[in-house]
Structures are given as structure tokens and as C-alpha cells.
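Okay, so here's the structure we're looking at.
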Amino acid sequence: MTTGRLKIGVFDSGFGGLTVLRALLPLLPHAEFLYLGDTARLPYGSKSRATIVRYALSSTRFLIEQGADFLVIACNTATALALKEIHDAAPVPVLGVIETGANEARSRSKTGDILVIGTDAMIGSHAYAAACSARGLRTLEKACPLLVPLVEEGWIDHPVTAEVVRIYLTELLEQAQEAELDPDTLVLGCTHYPLLRPMMEAAVSPGIRVIDSAQATASQAARMLASHMLPGQPPGDGTGTLSSRCRFFATDSVAKFQGLGARFLGSAIDEVELVDLGG
Ligand code: DGL
């Protein structure tokens, strides 16, 4: 990877954040990327706030040590539970995925009623509901704790996963009806879920649009960098290959990261560096 260009650190507990990296790559053709998947300590979504903060901070420190000039927290759970602590600890600008996702929901919804799904910890924090409420949206949230393990297992087209998705979303739609909501938007409040989008779309009525924050986060990162940082950075030529523009780090199996990561990223991942961030 070349040096001297703007380096963007992207962090998730696992592979999910690769959906955000995938959206960032074409929007920031002159930047280089450092992607960390904290796969050894995943899932974050079933952990306590204190543990999530501790993991998120050690991941942040690692990316800063690698030279990140800007951080994208491509994990809703870490954003919901640890964004303030990450901001306080990082000497560089930090962008999470929840405010950007709530902006996207605001711009897409006509009825103003939103459904949000995510991990136990993320939903328990009510961070999405707060961000949506601040934008005048009514929100019904549901934790779907089985989905991250199924995605991490690679069961992306599996009938068991389709059935689990159907059960969760049927329950959510029934709760929305009981609450007399008229939802037209389902927000995927976990960066692992975009891989299950076809199953999600099949499980809700056509009147409900399924959205995620990957594209909105990438656009917001590009705006922040254009106004604050890019002018002072060496431009680069924007034509590098994936392996010349990205370094990938994982805290557990490199082979699994390459295999499953390619499905999230939509491109082969040639090299992954194994790192130890402790317990
Ligand atoms: N991808 C993470 C998120 O967006 C969740 C995965 C986990 O539970 O670690 O919340």
C-alpha cells in the first residue's frame, strides 16, 4: 500500500463493516483504507456496555497506531454504546453509523413511522430511537440476536436464516399494528444485515422500504473529508487496486475473513493481517 495519502480507519466487530467499506471505496478514490474486524471478540451485540466500550477503545487505538487520519465506526453496536468514548480517545475525526442512518430514514419515510432492527445491545441502548425521535420520526425497535451468528456462519442464502428473519419481522409487524403505527421503512441497524436484504424484503410488504446506513455513512464521510481534510492531503491518482488501497486486519481466522469477507465486500481479499488486541 502506498503511503502519504489520507488513511481512513474502518472498524467493525466482524465482517459487517465491509458493507460500509464497499460504499466508501468508490466515493473516496484517493484515500487508503485500514479495515479492522475484531472477529475474535465478536459478537459485540450480546456484551455489556462496559465490555463493548473496552473492545471499541482497543480497536480504535489500534487503527490510530496504524496511522488512521479519520475513523468510521462501521458497527451500530459500537456506535450506540461507545461513540462518545471513541470520540474522547481518538485524536482524529470520528463518524458513526446511527446519525447517518437516522438521516436516511428521515429522508426516505413518508409516514414518519420507522421500524429498526439490530443487536440486543444496540436496541437496548435506544440510540436509534433517540436519533429518529430527534428527527420527528416514531420508531419501533426489535433485537434480532440470532442474525449476526447466522451471517458470520455464512448462512446467507440458507432456509434456516430465511425462517428466522421471517419470524422476527412477522413479530415486529404485529407489534407495529398493535401500536397503531403505519411503518413504511425498515432500518437495518446492524452492518451485518445488508447481506440478508433479499430475505428482509421478502418478509415485509412491498410498501415497506428496507434501508441501511452504508451509503449514507459513506456520503457523509466524503462530505466531511472534502470540507475538512482532503485539501491538505496528497491527492493520489485514485486508480489503485483494492489491495493497493486497503489493508485488512482481523483478530481471528484469516482464512475465514478472506472467504466470508469477499461476500460482504464484493471483491476478493488477497491478504489479511492477524492482530492480537488482547481479551
Ligand atoms: N455489525 C455489528 C453492528 O452493526 C454487530 C455485530 C456484533 O454483534 O458484533 O451492530
Side-chain angles (χ1 to χ4, degrees), residues 9-24 35-60 71-83 86 94-102 104-105 116-131 141-156 161 164-165 168 186-197 200 210-218 248-253 256-257 260-261 263-265 277 279:
V10 182
F11 151 64
D12 181 38
S13 56
F15 307 101
L18 291 169
T19 56
V20 179
L21 176 62
R22 188 175 183 165
L24 283 163
Y35 183 91
L36 170 64
D38 191 8
T39 43
R41 303 189 293 192
L42 171 140
Y44 281 19
S46 60
K47 308 285 192 310
S48 67
R49 181 174 182 281
T51 301
I52 293 166
V53 169
R54 184 160 57 86
Y55 290 177
L57 287 181
S58 60
S59 298
T60 297
L71 286 182
V72 177
I73 310 306
C75 173
N76 291 266
T77 307
T79 300
L81 281 301
L83 191 62
I86 296 171
V94 178
L95 179 64
V97 281
I98 291 184
E99 295 288 318
T100 54
E104 184 71 0
V116 180
I117 54 174
T119 65
D120 260 329
M122 198 290 281
I123 294 298
S125 75
H126 302 297
Y128 238 114
E141 306 168 284
K142 185 170 184 62
C144 302
L146 295 177
L147 297 185
V148 168
L150 288 166
V151 171
E152 290 280 330
E153 191 56 34
W155 284 21
I156 288 154
T161 310
V164 172
V165 165
Y168 277 141
L186 170 67
V187 179
L188 307 185
C190 173
T191 52
H192 281 68
Y193 297 175
L195 262 78
L196 305 178
R197 179 189 293 274
M200 306 276 183
V210 179
I211 66 169
D212 67 70
S213 59
Q215 199 60 50
T217 301
F248 296 94
F249 304 94
T251 56
D252 197 10
S253 167
K256 186 172 178 190
F257 193 99
L260 198 51
R263 298 183 76 170
F264 281 83
L265 194 59
L277 297 180

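For ligands, and for the atoms within them, numbers begin at 1 and follow the listed sequence.
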Seminar exercise, completed: Sorted by chain and residue number, the residues with a non-hydrogen atom under 4.0 Å of ligand 1 are D12, S13, P43, Y44, G45, C75, N76, T77, T119, V148, C190, T191, H192
Exercise. Under the 3.5 angstrom rule, does the side chain of Y168 hit a backbone N or O of L146 as a donor-acceptor pair?
Worked result: yes
Exercise. Heavy atoms, side chains only, cut-off 4.5 Å: are L277 and L36 in contact?
Worked result: yes
Exercise. Hey, does the side chain of Y35 reach the backbone of G17 with a donor-acceptor pair shorter than 3.5 angstrom?
Worked result: yes
For this session: Check whether the side chains of D38 and T251 place a donor and an acceptor atom closer than 3.5 Å, and report yes or no.
Result: yes
Problem set entry | Set of salt bridge (charged side-chain N to carboxylate O under 4.0 Å, His left out) partners for E104, sequence neighbours left out | R108
Exercise. Can you check whether G45's main-chain N or O pairs, donor with acceptor, with T77's side chain at less than 3.5 Å?
Worked result: no
